[in-house]
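Accompanying notes for the structure given below.
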Number of protein chains: 2
Amino acid sequence: MENHQIINGKETHTLSAEENEEVNAIAALLKTMAHPIRLKILCLLQDKEMTVGDIQSEVKTTNANVSQHLSILRNHGIIVYRKDANFIYNRIADHRILKLIQTMHDLFCSCN
Amino acid sequence: MENHQIINGKETHTLSAEENEEVNAIAALLKTMAHPIRLKILCLLQDKEMTVGDIQSEVKTTNANVSQHLSILRNHGIIVYRKDANFIYNRIADHRILKLIQTMHDLFCSCN
DNA sequence: TCAGAATTTAACAAAATACTTTAATGCTAA
DNA sequence: TTAGCATTAAAGTATTTTGTTAAATTCTGA
């Protein structure tokens, strides 16, 4: 529900109370994604599941650190996991996150 | 330039050195946007220029705080400004930022 | 059951961010 | 030139985030 206003003959908008809350939620989402390691993890998870170990070999840091970042992503509902034997396979939970990553890729990555 | 790999018959990708740098840059961009006040400012600036005073009346905080957030956005090249008399009019610098905000809006805002 | 691999948890210090207050700057209009 | 508004800068504290280390879990295969 947007709040529209006519200023100088042009339609613009201010933020309604609900929109305000939505912006807060989106800011929280962005904040969760806005860490180099976490964003790399999300890029890697675009087209496959990965374990902590898989991710650790791509993103140079410790297991514990990867695990912590994964749990941050999980706590925000950005990724989910399934267990299989000793391994935990992580994947992106929400198609909207995929879409957002795709958009950022299209907009900001040189590789066309 | 992406790095492709065939794993289990499926094509997936890892991060090349250049991609790695690009991800870092995008993470920095997201980090700058990932603050409720700054994101609100960007939403408000979608379709108009605004002064510190204009923004302050929409986003409930002090002038100094708005000014600081604007200067953070400016330092990251996300917004630019023009001076006119006593006022400084801010606007979004890059159409890609606009596109990104639009996408987030489409994906995550209930208002269709 | 036991050894070992994969992952998580907890605790802590270091670094980065955020908001407030107050002082300073720049511009205008009278 | 001066008063007053708009904006920025500086300084300080409080809070949050981060990465490391070491210990604890969890599960499997022998």
Side-chain angles (χ1 to χ4, degrees), chain A residues 7 20 23-42 44-45 48-93, chain B residues 7 20 23-42 44-45 48-93:
Chain A
I7 296 178
N20 201 56
V23 173
N24 287 344
I26 296 174
L29 170 67
L30 290 186
K31 185 175 173 185
T32 305
M33 298 175 65
H35 184 287
I37 291 179
R38 291 197 292 270
L39 192 56
K40 274 165 210 161
I41 290 173
L42 293 175
L44 290 166
L45 292 181
K48 57 182 178 295
E49 295 182 323
M50 292 179 87
T51 66
V52 173
D54 293 339
I55 294 168
Q56 196 227 330
S57 58
E58 292 279 349
V59 178
K60 294 305 183 204
T61 184
T62 59
N63 280 4
N65 196 15
V66 171
S67 176
Q68 282 165 349
H69 285 301
L70 285 172
S71 96
I72 291 170
L73 291 169
R74 230 179 274 130
N75 292 340
H76 286 80
I78 296 177
I79 64 174
V80 291
Y81 67 96
R82 76 180 165 87
K83 282 187 176 178
D84 185 10
N86 263 341
F87 298 91
I88 291 183
Y89 293 91
N90 297 275
R91 68 170 187 280
I92 291 177
Chain B
I7 296 179
N20 200 58
V23 173
N24 287 344
I26 296 174
L29 169 67
L30 290 186
K31 185 175 173 186
T32 305
M33 298 174 65
H35 184 287
I37 292 179
R38 290 197 292 271
L39 193 55
K40 273 165 210 161
I41 290 173
L42 293 176
L44 291 166
L45 292 182
K48 56 182 178 296
E49 294 182 323
M50 294 179 85
T51 66
V52 173
D54 294 338
I55 293 168
Q56 197 227 329
S57 58
E58 293 277 348
V59 178
K60 294 305 184 207
T61 184
T62 60
N63 280 5
N65 196 14
V66 170
S67 175
Q68 282 165 348
H69 285 300
L70 285 172
S71 96
I72 290 170
L73 290 168
R74 231 180 274 130
N75 291 340
H76 286 81
I78 297 177
I79 65 175
V80 292
Y81 66 96
R82 75 181 167 87
K83 283 186 175 178
D84 185 11
N86 263 343
F87 298 90
I88 291 184
Y89 294 91
N90 298 276
R91 69 170 187 282
I92 292 178

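Worth knowing before you read on, the calculation uses all heavy atoms, side chains too, and leaves out hydrogens, waters and symmetry mates. Protein chains get the first letters and strands the later ones, always in sequence-line order, with residue 1 at the start of each.
Put simply, CG on B:Leu73 is 14 Å from C1' on C:dT17, counting in whole angstrom units. Distance, B:Leu70 CG to D:dA6 C1': 12 Å, rounded to whole Å. The CG-C1' distance, from B:Asn75 to C:dT17, rounds to 15 Å in whole Å. Between the CG atom of B:Asn63 and the C1' atom of C:dA18 there is a distance of 17 Å, given to the nearest Å. One interatomic measurement links the two molecules: CG of B:Leu39 to P of C:dA18, which rounds to 13 Å at whole-angstrom precision. The nearest whole Å value for the distance from the CD atom in B:Glu49 to the P atom in D:dT7 is 13 Å. Taking atom CG of B:Asp54 as the reference point, atom P of D:dC5 lies 17 Å away to the nearest angstrom.
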message: Could you go through B:Leu30 and A:His35, starting from their C-alpha distance and side-chain angles, then the distance that decides it, and tell me whether this counts as side-chain contact (heavy atoms from CB on, under 4.5 Å)?
response: CA-CA 8 Å; B:Leu30 290 186; A:His35 184 287; over 6 Å; no

message: side-chain contact (heavy atoms from CB on, under 4.5 Å) for B:Leu42 and B:Ile79? Distances and angles first, verdict last.
response: CA-CA 9 Å; B:Leu42 293 176; B:Ile79 65 175; 3.9 Å; yes

- prompt: Between A:Val66 and A:Thr61, does a side-chain contact (heavy atoms from CB on, under 4.5 Å) hold up when you go through it step by step?
  reply: CA-CA 7 Å; A:Val66 171; A:Thr61 184; 3.7 Å; yes

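Residues satisfying the side chain to side chain contact (heavy atoms under 4.5 Å, CB included) criterion with A:Phe87, sequence neighbours excluded, are A:Thr51, A:Tyr89.
At a non-hydrogen distance threshold of 4.0 Å, B:Ala85, B:Asn86 from residues 84-93 of chain B come into contact with DNA chain C.
Within the 4.5 Å cutoff, the side chain of B:Ile41 has no heavy atoms near those of the B:Met50 side chain. For the pair A:Met33 and A:Leu73, the minimum side-chain heavy-atom distance is 4.5 Å or more. B:Gln56 places none of its side-chain heavy atoms less than 4.5 Å from the side chain of B:Thr62. Contact of the A:Asp54 side chain with the A:Leu44 side chain is not registered, since no non-hydrogen atoms from C-beta on lie closer than 4.5 Å.
The side chain of A:Lys83 contributes an N or O atom lying less than 4.0 Å from OP1 or OP2 of D:dC27.
Residue contacts shown for B:Thr51 are limited to sugar-phosphate atoms, with no base heavy atom under 4.0 Å away.
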message: Walk along nucleotides 17-24 of chain D from 5' to 3' and tag each nucleotide B, S or - by protein heavy-atom contact under 4.0 Å, base first, then sugar-phosphate.
response: SSBBBB--

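Looking at A:His76, its side chain never comes within 3.5 Å of a backbone N or O of A:Ile78 through a donor-acceptor pair.
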